[in-house]
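Written out below as structure tokens is the structure these notes cover.
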Protein chains: 2
Amino acid sequence: MVEDSRISDETRQRILQQARLLNYIPNSAARKLRHGRSKISVIGFLINDITHPFYSLMVQAAEKTAARHGYEILVGDTQWNPAKEVAEVKHMIESRVDGVLACLSERTRESTGLLDGFAVPYLMLDTTPREYRGACVVNDLAEASRIAVSHLIQVGCRRLAFLAADESMAHFSAFTKLREEFARAVRARGLPFEPSQIIRAGLSIEAGQSAFEEALRVCPGVEGIFCVNTLCALGVIEAADRRGVRVGREVAVMGVDDLDICSLSRISLTTIRQPYDQLAELATEYLVGAIENGAAPTMRQSLKPELVARQSTRFGNR
Amino acid sequence: MVEDSRISDETRQRILQQARLLNYIPNSAARKLRHGRSKISVIGFLINDITHPFYSLMVQAAEKTAARHGYEILVGDTQWNPAKEVAEVKHMIESRVDGVLACLSERTRESTGLLDGFAVPYLMLDTTPREYRGACVVNDLAEASRIAVSHLIQVGCRRLAFLAADESMAHFSAFTKLREEFARAVRARGLPFEPSQIIRAGLSIEAGQSAFEEALRVCPGVEGIFCVNTLCALGVIEAADRRGVRVGREVAVMGVDDLDICSLSRISLTTIRQPYDQLAELATEYLVGAIENGAAPTMRQSLKPELVARQSTRFGNR
DNA sequence: TTGAAAGCGCTAACAC
DNA sequence: GTGTTAGCGCTTTCAA
């Protein structure tokens, strides 16, 4: 439109001037209709809950990366609801997005079916169902559990417990992977492992609080507690404080996903940091690449988490 | 499409069956083009940074409310960048959204000009430029400052300070309102007020930390510190801890915007809670109402904040 | 009850 | 270098 040198500069200026006068703004529906599925390139991004910090972080990183390549991001928030997820996927197909980044709730297989059916290039993010063999960029949660177990043992803990997600998240493979690898890693280190060391908690402060009470009951003498997320770990600390159990001295506590408050000296929570921004950036790059090549993305990559050790695991005050 | 009783049920079923077989999903660009600006109703939502908890909260509340009325939300993240803001507004106009909810960066007046020019119904959220006279649903920040000053005086503080946003946010009226009303409220209570009691800080933990040091320097003997946001207040607590100044005993600290971590007993930060979800819900309701009536929204409403008193302002340990 | 046709706003192709 | 036209996929209207 701007590049066409057939038109004299004078005419162009005259027309553009008129356009400005008439407050002309093109109709993107018409342009898109005419153009097929390209040009105003859009990438759909399916997430489960925009109010969760790591989802909004990923959205922001994806937006920045997409913008560099002339793409925009259309966010679809599923609220962990499979019906809403399918509706969002359909909406993206109706809008003829050029590709999709998908953090799925894993409560339905319909979404990938639809995307496959319409040959929409897509890439799974953060975590994938166990049987998924397509393109993805994920966090290595098994490694996260290994790091956690290894760290807790290193600081001197022998009796370990894992505070897991609750039943409402049972379908979500990320938490299953954390849990299973925790058990495996404990055994691999030659420590005893019993099912009672896995305690149903949840993803909130309240869940962590009551799960700590539960842990004291079912795992008497527990020394190291690995929590499914940071809020849960904060709940454990809260409950321990109230009971007068000294965190970092009598019990080591750690969580997954580093939030900025973890570094406050009043909290000082050891966590496993996962590179969400890098994850979203990489995924967006791959997807854009695939779209431009007209090929389905194939990349399968898993990013390593990182230990951030703080006072909450200075077990025995060493 | 579904409701048209002219078509026999048998034919309808036959066609729908074929549609399913062929994996038919309508093209929303074509539908929108044909239909004008209606039917697949979309509301644009301009925000400044999706990773800020209150923006994502508002987006979620707006989405839920919009969904109840058959609307969807198209989020435009400006990243506090005026050029990006204008681009997002243009994009929304190109997409012929039916209305816009606007949290503006207030660094440009072009956005409202464009929306007015294209007669897009819109409503300003959270905060508005001082001279804005259009429709809005905002937080009452003057009231927030009055509540804070009143609370700090009530717990026994005489020498108060306000840790404000930094220059990069100088354009943003919300922080100006907080600051100005703080000064007014202090004087209204008959306490001395000097410009040195306003200290440039910022919206982050680090900003709060260094601003606390600054406060000790320029306001020796400061007893009550009101912070522009919660992160800044957490920074003050951190810095006070490191200096051995006992928060809640030697100095009272409070912030604006209640986050869930504020209630942890290790933090126990007094805050002013603002009803962001209610704000977004109300705004969406008004906007939808205006769209359906074909009228521009006119509602001007301001929501009252609420004090959440905790240990950080148990000044003198009462 | 069904089929046919027009036209939404845009752009690419073609004729002038 | 410029004007004209066809057609993207849909919905609405009008004719059969």
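Worth knowing before you read on, the calculation uses all heavy atoms, side chains too, and leaves out hydrogens, waters and symmetry mates. Numbered from 1 within each chain, the chains take letters A, B, ... in sequence-line order.
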Exercise. Starting at CG of B/L33 and ending at C1' of C/dG7, how long is that distance when rounded to a whole Å?
Worked result: 9 Å
Exercise. When you look at NZ of A/K84, are more than 12 heavy atoms from neighbouring residues, nucleotides or ligands closer to it than 6.0 Å?
Worked result: yes
Problem set entry | Ring centers of B/H52, B/F54 separated by less than 6.0 Å | yes
Problem set entry | With B/S173 via side chain to side chain contact (heavy atoms under 4.5 Å, CB included) - residues at least two apart | B/E106, B/T127, B/K177
Exercise. Between D/dC10 atom C1' and A/N27 atom CG, what is the distance in whole Å?
Worked result: 14 Å
For this session: Tell me whether the OP1 or OP2 atom of C/dA12 has a side-chain N or O from A/H35 closer than 4.0 Å.
Result: yes
Exercise. Between the side chains of A/E88 and A/T78, does any donor sit under 3.5 Å from an acceptor?
Worked result: no
Quick test: give all pairs of protein nitrogen or oxygen and nucleotides 4-7 of chain D nitrogen or oxygen below 3.5 Å, distance rounded to 0.1 Å.
unit_1	atom_1	unit_2	atom_2	d
D/dG7	N2	A/R34	NE	3.2
D/dG7	N2	A/R34	NH1	3.4

Exercise. Under the side chain to side chain contact (heavy atoms under 4.5 Å, CB included) test, which residues partner B/P297, sequence neighbours left out?
Worked result: B/P121, B/L123, B/A135, B/L287, B/A290
Problem set entry | Protein-nucleotide distance (B/K32, atom NZ; D/dG9, atom C1'), rounded to Å | 14 Å
Problem set entry | Whole angstrom value for the distance that separates C1' of D/dG9 from CD1 of B/I25 | 15 Å
Exercise. CZ of B/R96 versus C1' of C/dC10: gap in Å, rounded?
Worked result: 11 Å
Exercise. Just by distance, with hydrogens left out, do A/D98 and A/Y71 show a side-chain donor and acceptor under 3.5 Å apart?
Worked result: no
Problem set entry | Length of the line joining A/E94:CD and D/dG9:C1', which is rounded to integer Å | 13 Å
